[in-house]
Amino acid sequence: MRHRSVADMVTPTAVTVPRSSLVPIVLRLCQSVDGVVDVVNRLTFERDDMSVDVQEATGR
């Protein structure tokens, strides 16, 4: 079995999620994977559902 270095395990990923409210959920899921040491947030989103206007309209 070949030993893997940390450099082998780095997976740069830029992902777009549909809503901004999903960003912290996706980050938490990535951080919860066994063996993950650090997660760099490069996530973008299509729609900001956490803006002040949306929060006021929904009562959040």
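When every heavy atom of Val23 is checked against every heavy atom of Phe45, the shortest pair comes out as CG2-CD2, 4.2 Å. Nearest heavy atoms, Pro18 versus Leu22: CD-CD1, 3.8 Å.
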Side-chain donor/acceptor pairs under 3.5 Å, residues 32-41, sequence neighbours excluded:
{"residue": "Ser32", "atom": "OG", "partner": "Leu29", "partner atom": "O", "Å": "2.7"}
{"residue": "Asn41", "atom": "OD1", "partner": "Leu43", "partner atom": "N", "Å": "2.9"}

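Contact of the Val26 side chain with the Val15 side chain is not registered, since no non-hydrogen atoms from C-beta on lie closer than 4.5 Å. Within the 4.5 Å cutoff, the side chain of Glu46 has heavy atoms near those of the Thr16 side chain.
Here Arg19 pairs with Asp49 under the side-chain hydrogen bond (donor to acceptor under 3.5 Å, both in side chains) rule; sequence neighbours left out.
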